[in-house]
Amino acid sequence: MPDLPEFIQYLYEEYRSLDSGSLASYIPELTKVNPNWFAISIITKEGEVFEVGDISENFTIQSISKVFVFGMALEDCGRQILLEKIGVEPTGDPFNSVIRLDENSKRPDNPMVNAGAIATAGLIKGSNPTDKLNRMLDMFRRYIGHDVYIDAPVFMSERATGHRNRALANLLLNFGIIDRNIEEILDLYFQQCSIVVNCHDLAVMAATLANRGINPINQDKAIEPCYVRDILSVMYTCGMYNYAGEWAYKVGIPAKSGVSGGIIAVIPDRAGIAVYSPLIDHRGNSIRGIKVFEALSEEFQLHLLDFPLEQCPFLDISHRDPIRRL
Ligand code: GLU
């Protein structure tokens, strides 16, 4: 089994020349990043950090925010209310699809697609829009370990071009999932997507989930530990757009990606991993990101459902224990 720092350096060299995919352009402002940026960060629950590449380059968090706002809504409203409003079924549809919401369920399938995330934003408590936003920023600060801010041009760009999201919000109002303050809810959703992070920040956030809600760097509690299970469940089944099934099968770790090119993954009780590379495939997943995670999972046997090797006579038990080494 390779040494972890050497292996991520190898992955960085191996995949940095992979330039297939494209920048998300349906939000015009997202095209203003360097397509070559590439970073890998792994942070253990003990706070050990392994990273390589463009770790400090900033980008907007986009859909990865859905994971954390879902956790916040769980704390604000509890499981029962959330389940009444938003399901936990994978869709197999594109993240911004309108069709199933209208045809089938009349409620969003899960909180990781846009319809579900907009409904989730509508559940965030606060006395007025500023209060809700400040509570949300504070939640992200606890996960990341420093103050966070919103990229105003990206927010304005999303707000100006987010017609599908507006359509979803109108359908959600029609089905009684959100109230009449559509523009206010959409603004909160666009703001959460426009929060600025870097690859290191994402790994700290993932490591916080791996560490049952306690930030492993500063020991701040980011979320009630009882809700981490809920978050990881929907990440595992719904986190990678309409690639979630294949990801669960091949990589086998709860994960979430965003159209700006980030992917986070959580190895419960072990480590958080983040990869950033803004060239994405037609589903919205970072192409280099998927390659890196496939290789990491394979090499360090990270698949959560891997057959216990003790029971498998064909495999050498000494190869086990990779996650503990992280
Ligand atoms: N803000 C983006 C949207 O709503 C997020 C998309 C994503 O990262 O999946 O379209």
Side-chain angles (χ1 to χ4, degrees), residues 21-33 58-70 86 90-101 108-122 124 133 136 140 148 150-172 178 182-197 199 201-202 205 234-235 238-244 247 255-265 274-287 289-290:
S22 52
L23 299 174
S25 58
Y26 75 99
I27 302 170
E29 204 62 25
L30 292 188
T31 57
K32 296 187 179 166
V33 297
N58 287 332
F59 53 95
T60 53
I61 188 168
Q62 295 301 330
S63 260
I64 296 174
S65 64
K66 293 170 181 170
V67 166
F68 303 95
V69 178
F70 175 54
I86 307 159
T91 68
D93 289 337
F95 64 95
N96 55 5
S97 175
V98 175
I99 295 167
R100 276 176 63 89
L101 178 61
D109 287 280
N110 69 67
M112 301 291 110
V113 290
N114 284 10
I118 294 166
T120 308
I124 295 305
L133 175 62
M136 194 181 269
F140 280 103
V148 295
I150 287 162
D151 184 317
V154 171
F155 166 59
M156 298 305 282
S157 188
E158 290 213 39
R159 191 197 225 180
T161 59
H163 311 306
R164 291 186 74 88
N165 288 328
R166 206 156 269 115
L168 287 168
N170 276 287
L171 277 176
L172 290 168
I178 61 173
I182 285 191
E183 289 305 322
E184 186 188 310
I185 294 169
L186 282 171
D187 271 359
L188 191 61
Y189 170 70
F190 294 141
Q191 284 162 334
Q192 75 176 65
C193 292
S194 305
I195 285 172
V196 175
V197 290
C199 190
D201 293 336
L202 288 182
M205 296 169 88
V234 293
M235 283 174 74
C238 314
M240 296 297 290
Y241 302 121
N242 37 340
Y243 187 68
W247 173 277
K256 181 75 194 88
S257 64
V259 292
S260 51
I263 302 180
I264 63 166
V275 178
Y276 171 55
S277 165
L279 293 172
I280 58 172
D281 63 19
H282 66 284
R283 296 182 173 106
N285 293 318
S286 166
I287 291 181
I290 286 185

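When a ligand or atom number is given, it counts from 1 through the structure's own listing order.
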*Where at least one partner belongs to residues 151-161, residue pairs that pass salt bridge (Lys or Arg N to Asp or Glu O under 4.0 Å), sequence neighbours excluded*: Arg159-Asp187
*Specify the closest pair of heavy atoms between Ile178 and Ile118, including all atoms of both residues, with the distance to one decimal.*
CG2-O, 4.4 Å
*Would you check if there is a donor-acceptor pair between the side chains of Asn114 and Tyr189 at a distance under 3.5 Å?*
yes
*asked:* With nothing but distance in play, are any N or O atoms of Ser257 less than 3.5 Å from an N or O of ligand 1?
replied: no
*asked:* Please list, in number order, the atoms of ligand 1 under 4.0 Å from a heavy atom of Gly258.
replied: 8 (O)
*asked:* Could you report the tightest heavy-atom contact between Ser257 and Ser63, atom names first, then the distance?
replied: O-CB, 3.4 Å
*For ligand 1, the portion of Arg164 having any non-hydrogen atom under 4.0 Å away*: neither
_Can you name the atoms of ligand 1, numbered from 1 with element, that are less than 4.0 Å from a heavy atom of Asn165?_
3 (C), 4 (O), 10 (O)
_Give me the nearest non-hydrogen protein atom to atom 7 (C) of ligand 1 as residue plus atom name, then the distance to 0.1 Å._
Ser63 OG, 2.7 Å
*Tell me: protein heavy atom nearest atom 2 (C) of ligand 1, and distance?*
Gln62 OE1, 3.1 Å
_Can you tell me which portion of Asn114 lies within the under-4.0 Å heavy-atom range of ligand 1? Options are side chain, backbone, both, or neither._
side chain
*For residues Ile86 and Thr120, report the shortest heavy-atom separation together with the two atoms involved.*
CD1-OG1, 3.3 Å
*By number and element, which atoms of ligand 1 are closer than 4.0 Å to a non-hydrogen atom of Tyr26?*
2 (C), 3 (C), 5 (C), 6 (C), 10 (O)
_Residue, atom name and distance, where the atom is the protein heavy atom closest to atom 4 (O) of ligand 1_ = Tyr189 OH, 2.6 Å
_Donor-acceptor under 3.5 Å (Ser65 side chain, Ile61 main chain)_ = no
*Which of the atoms of ligand 1 are close to Cys193, meaning less than 4.0 Å from one of its heavy atoms?*
1 (N)
*asked:* Using heavy atoms and a 4.0 Å limit, tell me yes or no: is Tyr241 in contact with ligand 1?
replied: yes
*Return the orientation label for the Phe59 and Tyr276 ring planes: parallel under 30°, perpendicular over 60°, tilted otherwise.*
parallel
*Which heavy atom in Ser286 sits nearest to a heavy atom in Ser277, and how many Å separate them?*
OG-O, 2.9 Å
